[in-house]
Amino acid sequence: ASVMIMESLRDDSRFKLEIIGHNGSSAKIPLVNPSTTLNEATQLRVLESMVAHTQYTYAGDSTLEAIHSAVKEANKGDPILVITDANLKRYRITAKDLDILQSRDVHSHLILIGSLGDEASELAREIPNERAQVCFKSSELPIIIKKLVTGSLKN
C-alpha cells in the first residue's frame, strides 16, 4: 500500500505526503515527510524501515494513539488515510473508539485491508458517513484511495 501511494504521488505537487507508522512500542514512527524525495531508493529505504520496525518491537498495538495523533496534527482540510490490517478486534478496538474519524476539520478515512471473517465489513458498516472502506483485493486499493483523495479535494 505504501509503495502504491508513494509512486502515485511521486510527481504530484498538489499533495504533501506524510507517512507515519506505528507498532507496539510507538504510536508515531515518521517514515516519509513532505520534503522527502520519492525516488525508488527512498521508497526502498521506507519499506526496509517498515520491516525493521515490525521485527524489533514489543507486542501490542498503537493504532488508536496513531489515529488520534494524525487527526490532531493535520491541517484543516487535509485528507488522512488510515490503512490497517483490519484485525482490530484482537486489540479490542470498536467503531466507538474510532469516533475521531468523524472530525469536521479533516477528511479522515479508515481503509481496512483484508479481514478475518466478516470483521472488516462489520466494522466499516458501524462507522458513519462512509469514513471506512474495506479492501479485499490489492487491485482495489488504488481505486479506493483515488476515490477518497479526489472526494476530499471537492470539499
Side-chain angles (χ1 to χ4, degrees), residues 1-24 27-34 36-55 57 61-71 74 77-91 93-95 97-103 106-155:
S2 297
V3 171
M4 282 192 258
I5 293 168
M6 287 186 287
E7 191 61 27
S8 66
L9 297 178
R10 178 191 277 198
D11 298 317
D12 195 331
S13 61
R14 294 177 297 170
F15 302 99
K16 292 179 177 29
L17 180 64
E18 189 168 8
I19 298 177
I20 307 292
H22 71 88
N23 59 25
K28 189 172 182 180
I29 302 168
L31 298 166
V32 172
N33 65 54
T36 302
T37 302
L38 296 176
N39 58 38
E40 290 174 4
T42 301
Q43 291 178 28
L44 178 60
R45 281 193 298 276
V46 169
L47 294 179
E48 289 171 339
S49 179
M50 288 176 162
V51 170
H53 282 290
T54 63
Q55 291 176 333
T57 186
D61 187 65
S62 301
T63 301
L64 290 176
E65 294 90 346
I67 293 170
H68 282 263
S69 175
V71 171
D78 281 353
I80 297 172
L81 303 181
V82 177
I83 301 174
T84 183
D85 63 9
N87 302 319
L88 300 177
K89 194 179 282 185
R90 71 176 166 210
Y91 297 110
I93 296 174
T94 66
D97 297 321
L98 298 167
D99 279 350
I100 189 79
L101 294 172
Q102 301 303 316
S103 170
V106 296
H107 302 280
S108 53
H109 297 275
L110 181 67
I111 301 173
L112 302 155
I113 305 283
S115 184
L116 294 174
D118 291 333
E119 183 177 339
S121 297
E122 290 171 10
L123 182 60
R125 277 193 297 272
E126 293 175 28
I127 295 175
N129 302 320
E130 298 181 354
R131 295 289 180 115
Q133 311 288 321
V134 180
C135 179
F136 290 111
K137 298 181 205 169
S138 59
S139 61
E140 297 171 343
L141 188 59
I143 297 163
I144 292 170
I145 291 172
K146 181 178 182 178
K147 174 185 157 194
L148 297 175
V149 171
T150 56
S152 73
L153 290 175
K154 293 177 186 174
N155 296 327

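Note that the coordinates shown come from a computational prediction; the quantities given were computed from them, not determined experimentally. What's counted below: heavy atoms across the whole structure, side chains too, no hydrogens, waters or symmetry copies. Starting from 1, each residue takes its place in the sequence as its number.
Between the CG atom in Asp99 and the CZ atom in Arg131 there is a gap of 11.5 Å [rounded to 0.5 Å]. The NE2 atom of His109 lies 9.0 Å from the CD atom of Glu130; values are rounded to the nearest 0.5 Å. To the nearest 0.5 angstrom, Ile144 atom CD1 is 9.5 Å from Ile83 atom CD1. Rounded to the nearest 0.5 Å, atoms CD1 (Ile145) and CG (Leu81) are 6.0 Å apart. Going from atom CG of Leu148 over to atom CD of Gln133 covers 5.0 Å, rounded to the nearest 0.5 Å. The structure places CD of Glu126 at 10.0 Å from CG of Leu98, a figure rounded to the nearest 0.5 Å.
Within the structure, side-chain hydrogen bond (donor to acceptor under 3.5 Å, both in side chains) contacts touching residues 134-148 (residues at least two apart or in different chains) do not occur.
For the pair Gly77 and His107, the tightest heavy-atom approach, listed with the atom from each and the gap, is O-CD2, 3.1 Å. Between Leu123 and Ala95 the shortest heavy-atom distance is CD1-N, 3.5 Å. The minimum heavy-atom distance linking Ala27 with Ala66 is given by the pair O-CB, 3.3 Å.
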Donor-acceptor list for residues 38-51 side chains, cut-off 3.5 Å, not counting sequence neighbours:
residue: Asn39; atom: OD1; partner: Ala41; partner atom: N; Å: 3.2
residue: Asn39; atom: OD1; partner: Thr42; partner atom: N; Å: 2.8
residue: Asn39; atom: OD1; partner: Thr42; partner atom: OG1; Å: 2.9
residue: Thr42; atom: OG1; partner: Thr37; partner atom: O; Å: 3.0
residue: Thr42; atom: OG1; partner: Arg45; partner atom: NH2; Å: 3.3
residue: Gln43; atom: NE2; partner: Glu7; partner atom: OE1; Å: 3.1
residue: Gln43; atom: NE2; partner: Leu38; partner atom: O; Å: 2.9

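Of the residues listed (Asp97, Ile93, Asn23), the one engaging Thr63 in a side chain to side chain contact (heavy atoms under 4.5 Å, CB included) is Ile93, and it is the only one.
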Apply the test side chain to side chain contact (heavy atoms under 4.5 Å, CB included) to residues Leu31 and Met6: give CA-CA distance (whole Å), side-chain angles for both, the deciding distance (0.1 Å), then the verdict.
CA-CA 11 Å; Leu31 298 166; Met6 287 186 287; over 6 Å; no
For Ile127 and Gln102, what are the C-alpha separation, side-chain angles and deciding distance, and is it a side chain to side chain contact (heavy atoms under 4.5 Å, CB included)?
CA-CA 9 Å; Ile127 295 175; Gln102 301 303 316; 3.7 Å; yes
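In this structure the side chain of Asp12 never reaches within 4.5 angstrom of the side chain of Leu17, judged on heavy atoms.
Taking Ala124 as the reference, Leu112, Ala132, Val134 meet the side chain to side chain contact (heavy atoms under 4.5 Å, CB included) condition, with sequence neighbours excluded.
Of the possible polar contacts, none joining the Ser103 side chain to the Ile100 backbone as a donor-acceptor pair under 3.5 Å is found.
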